[in-house]
Amino acid sequence: MGIEKISFLPRPLGVKKAAGQPAVSKVSSEWTWTDHFGQIRCRISSLRMRYTVGPGLYAVGEPDRESDVFVTANYKLSFDILRRELKGLNAWIIVLDTKGINVWCAAGKGTFGTDELISRINEINLHNVVAHRRIIVPQLGAVGVNARIVQQRTGFRVYFGPVHAKDIPAYIRAGYIKTPEMRLVRFNMMDRLVLTPMEINPAMKKFPLFGLIILLLFGIQPSGILFKDAWEEGMPFLIFGLTAVFSGAFMTPLLLPFIPFRSFAVKGWLTGVIAVFALMQGIGGFWHYSSLLPLVAAYIFFPLASSYIALQFTGSTTFTNMSGVKKELKIGVPVYLTATATSLLILVMYRLSQWGII
Amino acid sequence: MKYIADVVTLEFFQEKCTGCGKCVDVCPHGVFLMRDKKAIVVDRDRCMECGACANNCEFGAIKVNLGVGCAAAIINGMITGGPPSCDCGVESGGNCCG
């Protein structure tokens with residue numbers, strides 16, 4: 001913890017004074033370039049972890065005592081998407097304090113939850129803001145919000161609205177009824193594509209360590225370190241390392257439904273084998289080791305590295321479950337550890353044979 | 001897209017179901033459907049163990065071990081010996097759901 005949160009007040013348009021209420025910030029439905037830029041930075045950097053809006057009550061348009069009340073998280077991107085989709089409507093927004101995390105993840109952690117919703121309703125005195133007794137909570141918030149308890153304690157009936165804010169106008173027109181499609185979470189290629197930077201980033205953070213080990217392995221001599229050997233012999237391995245990241249953190253997520261098998265580890269391994277094989281054809285000219293051992297080590301290690309990296313994507317998907325990931329890890333972790341040790345051993349043997357020791 | 005078959009911990013006790021339809025309403029993967037005024041499980045393998053249904057079933061008709069289907073979280077749990085933790089982003093500067 002201890003991360004400083006940046007709080008933005010998204011384009012305050014002045015204050016809205018509800019009956020018997022302190023002033024409420026009125027916000028626009030339009031995005032400024034700052035909002036767009038913020039979204040992009042959230043997708044690629046850790047700004048995401050501190051991109052927040054202040055919890056409380058906001059107004060979109062000119063809401064009155066009959067207007068709908070929408071609940072969201074205080075991750076600014078969640079808030080921005082909601083206010084954008086409310087364009088042309090007059091509505092209230094309640095922002096819960098979810099520590100800057102989006103609705104679904106926060107609901108899983110319990111911060112987008114029953115208690116927070118109840119105390120926020122009381123704090124903003126929602127009973128005086130609106131005459132009706134209905135609040136619209138995003139469906140994915142149902143993980144953390146118990147509708148019955150909220151109604152018992154506050155009198156407000158929770159309507160679980162559509163998964164996607166873009167369906168809100170149609171949902172309201174239909175009389176607060178969702179079509180089956182509005183309930184479903186999808187995961188199309190675009191959804192997956194925008195998540196890949198956050199797969200590549202953490203994988204690349206480990207790359208310097210990998211590079212160091214490879215350069216040491218190929219450069220070390222009984223007499224010291226030979227940088228020429230380290231570079232020339234290590235280079236193909238560094239390129240293969242990048243390929244494993246590309247295949248596990250980019251290709252596998254992107255092509256997910258088209259790669260056979262349901263296991264992410266297997267999907268990542270398959271993609272990795274193909275990538276390593278393709279690259280081996282491509283850089284054949286650089287591959288001039290005096291024995292087959294490095295080739296064997298490369299084929300053992302890199303597809304499995306791709307598999308391990310692909311497995312990390314389970315955390316970003318909308319459909320994997322814990323039981324399945326546990327099963328994958330139970331089989332996968334011993335395989336990864338054994339294979340890494342084996343390929344390391346093979347490379348050490350290769351080096352020892354170069355020194356003429358074995 | 002479906003994940004690994006026959007692993008989910010979702011349990012549904014139809015005798016307790018009153019047919020209120022809450023589970024159908026909150027499930028993001030269409031695991032439940034209403035048939036003859038009661039819920040039925042139509043696609044168990046699609047369950048992601050989020051727990052929205054069990055949380056909102058007033059009649060205790062649904063049980064599921066909830067958890068995040070996230071390898072990093074489960075590995076974190078393995079290393080620290082605690083439960084799978086989603087708080088990876090705080091220390092590492094952001095490998096977390098955003």
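The structure displayed is predicted, hence computed values, not measured ones. Just so it is clear, the values below take in all heavy atoms, side chains as well, and ignore hydrogens, waters and symmetry mates. Convention: sequence-line order gives letters A, B, ...; per-chain numbering from 1.
By a heavy-atom distance cut of under 4.5 Å, B:Leu66, B:Gly67 are the residues of residues 60-67 of chain B near chain A, going up by number.
Considering all non-hydrogen atoms of both residues, B:Met78 and A:Leu329 come closest at CE-CB, 3.9 Å. Residues B:Lys22 and A:Val158 approach most closely at NZ-O, 4.4 Å, considering heavy atoms. Shortest non-hydrogen contact noted between B:Ile74 and A:Met322 is CD1-CG, 3.8 Å. The two residues B:Thr9 and A:Ser323 have their closest heavy-atom pair at CG2-OG, 3.5 Å.
Residues A:Gln312 and B:Ile75 form a side-chain contact, since some pair of their non-hydrogen atoms from C-beta on lies under 4.5 Å apart. Using a 4.5 Å cut-off on side-chain heavy atoms (C-beta onward), A:Arg183 and B:Pro28 make no contact.
When heavy atoms are compared at a cutoff of 4.5 Å, B:Cys53 does not approach chain A at all. Heavy atoms of A:Lys326 lying under 4.5 Å from chain B belong to its backbone as well as its side chain. Only the side chain of A:Leu140 comes within contact range of chain B, with at least one heavy atom under 4.5 Å from a heavy atom of that chain. For chain B, no part of A:Phe261 is nearby; none of its heavy atoms comes within less than 4.5 Å. For a residue to count as touching a neighbouring chain, one of its non-hydrogen atoms must lie under 4.5 Å from one of that chain's; by this rule B:Ala54 does not touch chain A.
The 12-atom threshold is exceeded at CZ of B:Phe13, counting heavy atoms of other residues, nucleotides or ligands nearer than 6.0 Å. More than 12 heavy atoms of other residues, nucleotides or ligands sit less than 6.0 Å from atom CZ of A:Arg134.
No side-chain donor-acceptor contact under 3.5 Å links A:Asn321 to the backbone of B:Gly69.
The residue among A:Ser78, A:Ala142, A:Cys42 with the most heavy atom pairs within less than 4.5 Å of chain B is A:Ala142.
Note that the CZ atom of A:Arg186 and the NE2 atom of B:His29 stand 10.5 Å from one another [nearest 0.5 Å]. Going from atom OG1 of A:Thr318 over to atom CE of B:Met48 covers 6.5 Å, rounded to the nearest 0.5 Å. One distance of note links CG of A:Asn146 with CD of B:Glu58; it measures 7.5 Å at 0.5 Å rounding. We find the CZ-CG distance between A:Arg148 and B:Asn55 to be 10.0 Å, quoted to the nearest 0.5 Å. To the nearest 0.5 Å, atoms CZ (A:Phe319) and NZ (B:Lys2) are separated by 12.0 Å. To the nearest 0.5 Å, the span separating CD1 on B:Ile4 from NZ on A:Lys327 amounts to 6.0 Å.
Using cut-offs of 30° and 60° on the angle between ring planes, the pair A:Phe264 and B:Tyr3 is perpendicular.
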